[in-house]
Amino acid sequence: MIGILFTGGTISMRVDPATGAAVPAMGSRELLELVPELAAVADFEAADVSRFPGPHVTPQAMWALAETAAAWLERDGIDGLVITHGTDTLEETAFLLDVVLTSDKPVALVGAMRTMSDASWDGPSNLIAAARVAASPASRGRGTMVVMSEQILAAAEVMKMHTESASAFVSPEFGPVGVVDGGRVIYRREPPVRPTWRAEGAAPGLRVAGIDPRVDVIQVATGMDDRFIRASVAAGARGIVLVAFGRGNVPPAIMPAIRDAVAAGVNVVVTSRCPTGRVSARYGYDGGGLDLQRAGAVLAGDLSGAKARLLLMLNGDGSDLFRQRTRTE
């Protein structure tokens with residue numbers, strides 16, 4: 001049996017005739033009535049967890065969903081989970097779940113890029129494909145995945161790359177780990193290595209005891225000064241994620257503020273605005289990756305800024321979790 005947890009998003013929306021804009025409309029019962037084919041895929045049990053549009057999802061809501069998912073996965077009768085989610089923040093929730101859940105049972109996150117009012121509504125086909133993935137014995141041990149347009153994408157690698165296309169979700173550097181082809185779940189490569197650590201005090205099924213959302217993301221821009229970094233520190237941020245240029249380089253004018261932030265005990269993590277590739281200490285000029293590393297900043301490998309922020313929320317010292325991930329420095 002698989003569990004299906006509904007959290008909202010476009011997959012459960014319809015267009016309001018009065019405004020012409022999409023709004024939340026359906027819970028699990030209404031949506032499942034429109035997808036009777038699910039019964040042929042697997043036995044399932046469904047529950048409504050929330051009804052959030054993607055932008056309404058907070059790190060605290062992601063953590064609450066992780067607690068719920070862990071409890072479901074601990075049940076003997078549940079072989080896997082499907083979670084519906086708004087696409088704007090789907091990749092972040094998928095990544096958090098992949099990091100914190102300990103179970104080897106599969107979790108498939110799914111959404112839709114079209115509403116039920118659209119002729120091209122992709123919700124039913126995406127939901128059926130996700131159910132196939134969650135129900136497949138071949139999915140065990142692969143952690144959390146995103147299933148969209150019959151592509152199976154690893155949570156650590158998936159990105160939403162288009163604002164509206166039905167094929168918006170991709171793994172831009174490595175490609176999908178598998179596909180759902182003619183109803184068959186086919187895997188073509190191994191997923192990224194998942195964490196093996198578990199923090200003291202963590203609840204059953206979880207790797208950590210909670211999250212601390214006091215982490216800011218700052219987009220690096222040409223010629224910027226240090227106002228945002230200093231304002232973040234003054235406001236009590238425990239961590240700062242810099243979305244830097246290229247290999248992980250920043251304007252030299254912000255280096256003093258970065259050094260001051262690290263000296264004040266704030267964890268500073270460096271990512272890149274490039275959608276593929278890794279940050280590294282390749283450049284040794286003022287503001288280059290090596291300069292940042294020597295200043296005490298942590299280089300986040302191939303993580304996006306959004307995912308690095310979530311990982312830092314789970315981390316006490318700003319480095320261990322990054323260094324325990326595959327392909328990070």
Side-chain angles (χ1 to χ4, degrees), residues 52 54-64 66 88-89 91-93 95-96 99-100 199 201 208-274 278-281 283-325 328-329:
F52 291 135
H56 291 196
V57 176
T58 64
Q60 294 91 332
M62 294 179 195
W63 177 254
D88 281 347
T89 50
E91 67 192 75
E92 294 165 68
T93 296
F95 177 71
L96 181 76
V99 170
V100 304
V208 295
I211 62 170
D212 184 344
R214 295 176 297 160
V215 179
D216 293 334
V217 176
I218 296 175
Q219 175 73 52
V220 172
T222 56
M224 71 180 290
D225 60 27
D226 62 5
R227 287 174 295 162
F228 296 122
I229 295 172
R230 296 198 183 279
S232 181
V233 173
R238 186 178 64 81
I240 295 172
V241 176
L242 297 173
V243 181
F245 303 126
R247 271 292 214 175
N249 312 306
V250 302
I254 71 172
M255 285 304 302
I258 291 171
R259 294 188 181 96
D260 290 345
V262 172
V266 177
N267 297 309
V268 177
V269 168
V270 181
T271 68
S272 177
R273 68 179 186 178
C274 299
R278 296 159 45 79
V279 295
S280 78
Y283 291 98
Y285 51 74
D286 189 11
L290 180 60
D291 196 24
L292 286 161
Q293 192 175 67
R294 287 173 172 169
V298 176
L299 306 181
D302 58 3
L303 277 178
S304 68
K307 290 176 180 176
R309 174 176 176 255
L310 290 171
L311 195 58
L312 193 53
M313 288 180 183
L314 304 172
N315 188 16
D317 70 4
S319 61
D320 284 351
L321 300 193
F322 292 98
R323 290 168 180 159
Q324 289 179 34
R325 284 189 74 251
T328 59
E329 296 179 355

Check the pair L292, V250 against side-chain contact (heavy atoms from CB on, under 4.5 Å), reporting the backbone distance first and the verdict last.
CA-CA 8 Å; L292 286 161; V250 302; 4.0 Å; yes
Does the side chain of [Y] come within less than 4.5 Å of [X]'s, by heavy atoms?
X: I240; Y: F228; value: no
X: I258; Y: I229; value: yes
X: M255; Y: D226; value: no
X: M224; Y: I218; value: yes
X: T271; Y: S304; value: no
X: F95; Y: L303; value: yes

Using every non-hydrogen atom in the two residues, find where [X] and [Y] come nearest and quote the distance to one decimal.
X: P213; Y: R309; value: O-NH2, 4.4 Å
X: A300; Y: A308; value: CB-CB, 4.5 Å
X: F245; Y: A221; value: CZ-C, 3.6 Å
X: A244; Y: V270; value: CB-CG1, 3.9 Å
X: V268; Y: A261; value: CG2-CB, 4.1 Å
X: D216; Y: A237; value: OD2-CB, 3.7 Å

Separation between [atom1] of [X] and [atom2] of [Y], rounded to the nearest 0.5 Å:
X: N249; Y: L290; atom1: CG; atom2: CG; value: 10.5 Å
X: M62; Y: T89; atom1: CE; atom2: OG1; value: 5.0 Å
X: R238; Y: M313; atom1: CZ; atom2: CE; value: 8.5 Å

After noting the C-alpha distance and the side-chain angles of R273 and V220, does the key distance pass the side-chain contact (heavy atoms from CB on, under 4.5 Å) rule?
CA-CA 8 Å; R273 68 179 186 178; V220 172; over 6 Å; no
Between V100 and W63, is a side-chain contact (heavy atoms from CB on, under 4.5 Å) present by the stated rule, with each step listed?
CA-CA 9 Å; V100 304; W63 177 254; 4.2 Å; yes
With sequence neighbours left out, what residues match R214 under salt bridge (charged side-chain N to carboxylate O under 4.0 Å, His left out)?
D212
Ionic contact status for D291 with R259, cut-off 4.0 Å
yes
Can you name the one residue among L314, V208, L310 that meets side-chain contact (heavy atoms from CB on, under 4.5 Å) with V99?
L314
S272 (side chain) donor-acceptor with G246 (main chain) under 3.5 angstrom:
yes
